[in-house]
Visitor: 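Pasting a structure below so you can have a look.
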There are 2 protein chains.
Amino acid sequence: MPEEPKTERGRRTRERIVASAAKLIERRGVEATGLDQVLAEAGASKSQLYHYFADKQALVRAVIAWQTAAIVDGVAERLERIDSWAGLEAWFDTLVAYQQAMDCHVGCPIGSLAAELADTDEAARQDLALSFGTWAGQLRTMLDRFRERGLLGPDTDTEQSAYAVLATIQGGLLLAKTTRDPERLRIALIAAGGYLRSLAPAPER
Amino acid sequence: MPEEPKTERGRRTRERIVASAAKLIERRGVEATGLDQVLAEAGASKSQLYHYFADKQALVRAVIAWQTAAIVDGVAERLERIDSWAGLEAWFDTLVAYQQAMDCHVGCPIGSLAAELADTDEAARQDLALSFGTWAGQLRTMLDRFRERGLLGPDTDTEQSAYAVLATIQGGLLLAKTTRDPERLRIALIAAGGYLRSLAPAPER
DNA sequence: CAAGAATTGGACTGATCGGTCCACTCTAAA
DNA sequence: TTTAGAGTGGACCGATCAGTCCAATTCTTG
């Protein structure tokens with residue numbers, strides 16, 4: 001039933017629908033977003049939607065893939081270039097500045113989707129777990145670089161530390177979104193940085 | 001329009017409705033929970049609901065108050081007795097064990113509500129910001145005790161640290177819920193503990 | 001240009017949503 | 001025993017939901 005677009009035109013239509021759905025879901029959540037709203041936003045019709053997606057769940061999973069690609073890929077590029085504490089903190093500042101610019105709306109689309117879907121849509125939950133996994137993997141690559149350069153102790157578990165940093169980012173974003181205060185994110189990130197620094201080899205402390 | 005129950009019977013009915021709503025919302029979220037489901041669960045009728053609540057939003061806010069009382073009060077009792085690193089870590093272990101026992105469902109009801117409602121229901125957002133605030137306040141009281149006892153440096157900003165710990169807990173719960181792996185929460189809590197320890201006065205390091 | 005496939009428009013359906021309404025029962029005080 | 005107000009039951013409403021269906025259009029290819 002679910003079909004992949006076979007022409008360029010179809011591909012663009014599918015893309016338009018997913019992008020519109022992603023935008024609306026980011027703001028109002030999955031349950032609160034109606035298919036008719038999505039189609040109005042995308043300028044498409046019901047038959048177009050159901051031509052490319054089996055049902056709403058399939059569309060939601062496409063949105064997850066879209067958001068994952070957008071965020072994780074964007075973050076990866078930035079993370080690759082970080083190789084010092086100052087560089088890490090500059091990235092943290094970017095995150096805080098972005099939230100401030102957005103007036104602390106949205107937060108992290110992946111995180112929001114995870115909070116809403118983890119207990120109600122098993123397939124989506126697995127997709128999101130994978131998204132977090134690749135994100136954590138990129139953080140881990142960065143931390144491996146830190147370790148190589150002697151910024152972290154040689155016995156540091158970079159995988160665990162990566163998940164710890166990811167958790168702190170997600171929690172900070174949630175608090176910032178709820179209190180509408182980007183400072184909450186900044187404080188969380190400072191704690192994440194402080195934790196990592198506490199993992200530095202003894203002489204550097 | 002919204003009325004407070006004036007008899008014992010009414011009070012119990014209202015309570016039953018809120019408790020049922022809290023239970024369902026905790027599992028499926030606000031948007032996915034229908035009023036009819038709530039009433040079926042509570043064994044009540046539509047007129048009873050609308051006798052005590054102006055609309056669904058009012059019920060949701062009552063649920064927020066209920067969950068806040070349940071969680072924050074429960075946590076406060078525990079936090080009061082913590083006055084050492086070992087005690088703190090024992091509490092962390094309790095949190096992880098609870099998630100493990102729950103198979104990583106639910107997570108934190110306040111956090112889930114915040115993720116879903118922060119951008120769509122301003123009144124609820126403010127309620128939830130307050131809930132986080134009182135929770136952070138209790139953590140802060142605990143950290144003040146740590147500072148008094150010399151476990152934290154005398155210039156430690158306990159308010160900020162409290163929010164950092166809260167953020168890490170929330171993020172850890174989200175990751176644990178999404179990956180169904182309580183280990184993710186444990187790692188986050190270890191990081192929170194590590195950060196706090198890095199704030200200890202120099203001689204204790 | 002002909003034909004088959006891919007794509008599109010949108011009316012339609014049954015279920016469910018939040019919310020209204022009114023007649024009814026219960027309780028306690030006069 | 002009357003009565004007034006608190007509490008209750010559930011039928012009902014218009015709106016909206018996800019999803020179906022089919023005829024019309026556009027594109028590709030021979």
Side-chain angles (χ1 to χ4, degrees), chain A residues 1-22 24-25 27-64 113 116-117 120-124, chain B residues 1-22 24-25 27-64 113 116-117 120-124:
Chain A
M1 268 298 163
E3 290 177 41
E4 209 65 13
K6 288 166 184 169
T7 69
E8 180 55 30
R9 183 163 66 128
R11 221 165 290 123
R12 269 182 295 166
T13 300
R14 204 194 109 111
E15 174 82 2
R16 238 167 53 233
I17 293 172
V18 175
S20 301
L24 289 169
I25 287 174
R27 270 187 303 199
R28 306 183 232 263
V30 173
E31 282 290 336
T33 299
L35 263 18
D36 293 325
Q37 297 171 256
V38 171
L39 295 170
E41 173 85 18
S45 69
K46 269 278 169 70
S47 62
Q48 287 175 288
L49 204 179
Y50 281 94
H51 191 66
Y52 298 114
F53 304 96
D55 51 21
K56 190 182 183 181
Q57 181 189 331
L59 174 61
V60 169
R61 294 188 67 186
V63 167
I64 293 173
L113 285 164
E116 182 175 2
L117 299 175
T120 49
D121 183 337
E122 175 59 19
Chain B
M1 267 297 164
E3 290 177 41
E4 208 66 14
K6 287 166 184 169
T7 69
E8 180 54 31
R9 182 162 67 128
R11 220 165 292 123
R12 268 181 296 165
T13 299
R14 204 193 109 112
E15 174 81 4
R16 238 166 51 232
I17 293 172
V18 174
S20 301
L24 289 170
I25 287 175
R27 271 188 302 199
R28 307 184 230 263
V30 173
E31 282 291 335
T33 299
L35 263 20
D36 293 325
Q37 297 170 257
V38 172
L39 295 170
E41 173 85 17
S45 70
K46 269 279 170 68
S47 60
Q48 288 175 288
L49 204 178
Y50 281 92
H51 191 65
Y52 299 113
F53 304 96
D55 50 22
K56 190 182 182 181
Q57 182 188 328
L59 174 61
V60 169
R61 294 187 68 185
V63 167
I64 293 173
L113 285 164
E116 184 175 0
L117 299 174
T120 49
D121 182 338
E122 177 58 19

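Per chain, numbering begins at 1; letters A, B, ... match sequence-line order. When reading the values below, keep in mind they use all heavy atoms of this one structure, side chains included, and skip hydrogens, waters and symmetry mates.
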Visitor: My understanding is that only residues two or more places apart in sequence, or in another chain, count here; which of them pass side chain to side chain contact (heavy atoms under 4.5 Å, CB included) with Arg9(A)?
Guide: Thr7(A)
Visitor: Just jot down the side chain to side chain donor-acceptor pair (under 3.5 Å) partners of Asp55(A), sequence neighbours excluded, or say none.
Guide: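 Asp55(A) satisfies side chain to side chain donor-acceptor pair (under 3.5 Å) with no residue once adjacent residues are dropped.
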Visitor: Are Glu8(A) and Arg11(A) within salt-bridge range, i.e. N to O under 4.0 Å?
Guide: yes
Visitor: Can you measure Arg11(A) atom CZ to dT7(C) atom P for me and round it to whole angstrom units?
Guide: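 Distance check: Arg11(A) CZ to dT7(C) P gives 9 Å.
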Visitor: Whole angstrom is fine here: how far is it from CD in Glu15(B) over to C1' in dG7(D)?
Guide: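 Value for this atom pair: 17 Å.
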Visitor: Applying side chain to side chain donor-acceptor pair (under 3.5 Å), can you list everything that pairs with Arg61(B), at least two apart in sequence or on another chain?
Guide: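 Checked Arg61(B) against side chain to side chain donor-acceptor pair (under 3.5 Å); matches are Asp127(B).
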Visitor: In whole angstroms, how far is the P atom of dA6(D) from the CD atom of Glu4(B)?
Guide: 13 Å
Visitor: Do any of residues 27-45 of chain B sit with a heavy atom less than 4.0 Å from DNA chain C, and if so which?
Guide: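 Correct list: Thr33(B), Gly34(B), Leu35(B), Asp36(B), Gln37(B).
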Visitor: Calculate the interatomic distance between Arg14(A) atom CZ and dT8(C) atom C1'; express it in whole Å.
Guide: 17 Å
Visitor: For nucleotides 20-25 of chain C, list the nitrogen or oxygen atoms of the protein found under 3.5 Å from its nitrogen or oxygen atoms, one pair per line.
Guide:
none

Visitor: Find the distance Phe53(B):CZ to dG19(C):C1' and express it as a whole number of Å.
Guide: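 In whole Å, dG19(C) C1' and Phe53(B) CZ are 15 Å from each other.
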Visitor: Would you kindly give the NE2-to-C1' distance between His51(A) and dG19(D), to the nearest whole Å?
Guide: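 Atom NE2 in His51(A) sits about 16 Å away from atom C1' in dG19(D).
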Visitor: Less than 4.0 angstrom between a side-chain N/O of Tyr52(B) and OP1 or OP2 of dA6(D), yes or no?
Guide: no
Visitor: Just distance, no hydrogens or angles: give the donor-acceptor pairs under 3.5 Å from side chains in residues 30-38 of chain A, sequence neighbours left out.
Guide:
unit_1, atom_1, unit_2, atom_2, d
Thr33(A), OG1, Gly29(A), O, 2.6
Asp36(A), OD1, Lys46(A), NZ, 3.2
Gln37(A), OE1, Gly34(A), N, 2.7

Visitor: Tell me the interatomic distance from Gln48(A), atom CD, to dT25(D), atom C1', rounded to whole angstroms.
Guide: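 For the pair Gln48(A) CD and dT25(D) C1', the rounded distance is 12 Å.
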Visitor: Could you check how far CD1 of Ile17(A) sits from P of dT7(C), rounded to whole Å?
Guide: 11 Å
Visitor: I want to check one thing: is the phosphate of dG7(D), taken as OP1 and OP2, less than 4.0 Å away from some side-chain N or O of Thr7(B)?
Guide: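 Thr7(B) to dG7(D) OP1/OP2: side-chain N or O found under 4.0 Å.
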